[in-house]
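This structure is a prediction, so every number in the text was calculated from the model and none was measured.
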Amino acid sequence: MTKSFNGCNLTKRQHIRTKGNRLLSSLSSIYIANDVTPPKMDLTRLISLNGGQVVNVRRASKIVITQTATSLKDKRPEIKPSWVLDCVTAQKLLSYVPYMCSSPDSPGSDSDSIESNAVFNS
């Protein structure tokens, strides 16, 4: 496993013993691009261990984890992998806004609260 993943893995083991592993269960389906660091397989495992659902097709997802912004205009938020790592380390859902790969297109999506974004509540 990568160094950045190992720190989250230790935190995850401690969390399972005390609170369970539902941290990411409220999120909609997540697509992980191939260009990510830590590797896609490690992120998939980390998201799944924390109750998240990873899908293999971008169009079936509500959230995209990627290292770089794409030119696709499909309105899915493109979020850097460090958001997942930081959420697991903090053991809470953090705002994804500082982790966006590109500026959001839709009005009102500059909210600092993850709960106010419909992507995470559907």
Side-chain angles (χ1 to χ4, degrees):
M1 287 186 223
T2 63
K3 284 184 181 181
S4 59
F5 184 73
N6 281 337
C8 290
N9 199 26
L10 292 175
T11 302
K12 180 63 194 150
R13 279 189 228 137
Q14 293 165 349
H15 178 64
I16 288 173
R17 281 188 236 129
T18 59
K19 299 180 185 174
N21 61 350
R22 307 309 314 161
L23 176 66
L24 304 175
S25 64
S26 65
L27 301 181
S28 300
S29 52
I30 302 168
Y31 173 78
I32 303 173
N34 292 323
D35 70 340
V36 295
T37 302
K40 183 176 181 175
M41 187 172 67
D42 289 348
L43 278 175
T44 299
R45 182 171 175 251
L46 184 62
I47 290 169
S48 296
L49 284 170
N50 282 279
Q53 177 191 4
V54 176
V55 295
N56 293 322
V57 179
R58 181 185 171 102
R59 70 177 175 265
S61 70
K62 299 284 185 181
I63 302 163
V64 175
I65 304 296
T66 184
Q67 209 67 44
T68 57
T70 65
S71 60
L72 298 175
K73 301 289 183 197
D74 61 10
K75 304 289 185 194
R76 289 171 179 81
E78 294 178 325
I79 304 168
K80 296 176 184 173
S82 56
W83 176 78
V84 175
L85 301 175
D86 290 350
C87 286
V88 171
T89 301
Q91 287 302 299
K92 65 180 182 177
L93 290 178
L94 304 171
S95 171
Y96 68 85
V97 174
Y99 299 89
M100 295 286 292
C101 291
S102 61
S103 59
D105 292 336
S106 59
S109 47
D110 59 347
S111 169
D112 286 337
S113 171
I114 196 170
E115 291 78 18
S116 67
N117 191 308
V119 169
F120 294 99
N121 294 321
S122 54

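Side chain of R76 to backbone of R59: a donor-acceptor contact under 3.5 angstrom is found. The backbone N or O of A60 sits less than 3.5 Å from a side-chain atom of S29, completing a donor-acceptor pair.
For S82, the side chain to side chain donor-acceptor pair (under 3.5 Å) test picks out no residue, with sequence neighbours left out. In this structure, the side chain to side chain contact (heavy atoms under 4.5 Å, CB included) partners of S25, at least two apart in sequence or on a different chain, are R22. When the side chain to side chain contact (heavy atoms under 4.5 Å, CB included) test is applied to N34, the partners found at least two apart in sequence or on another chain are K40. Not counting sequence neighbours, the partners of Q67 by the side chain to side chain contact (heavy atoms under 4.5 Å, CB included) test are D35, V36, T37, P81.
Using a 4.5 Å heavy-atom cutoff, the side chains of R58 and T66 are not in contact. Residues L93 and L24 are in side-chain contact: their nearest non-hydrogen atoms beyond the backbone lie under 4.5 Å apart. By the 4.5 Å heavy-atom criterion applied to side chains, I32 and I47 are counted as neighbours.
Applying the under-4.5 Å side-chain rule to Ile, Leu, Val, Met, Phe, Trp and Tyr, the cluster around V55 extends to Y31, V64.
Between T68 atom OG1 and K80 atom NZ the span is 10.0 Å, to the nearest 0.5 Å. Atom-to-atom distance recorded for L49:CG and L23:CG is 11.5 Å, nearest 0.5 angstrom. From I30, atom CD1 reaches atom OG of S48 across 8.5 Å, with rounding to the nearest 0.5 Å. Separation of atoms CD1 (I63) and CG (L27) is listed at 4.5 Å; rounding is to 0.5 Å.
Both L94 and L85 sit in one connected hydrophobic cluster of ILVMFWY residues. Membership requires side-chain heavy atoms under 4.5 Å apart, directly or through other members.
Counting non-hydrogen atoms of other residues, nucleotides and ligands closer than 6.0 Å to CG of D74 gives a total above 12.
Here the closest non-hydrogen pair linking M100 and I79 is SD-CG1, 4.3 Å.
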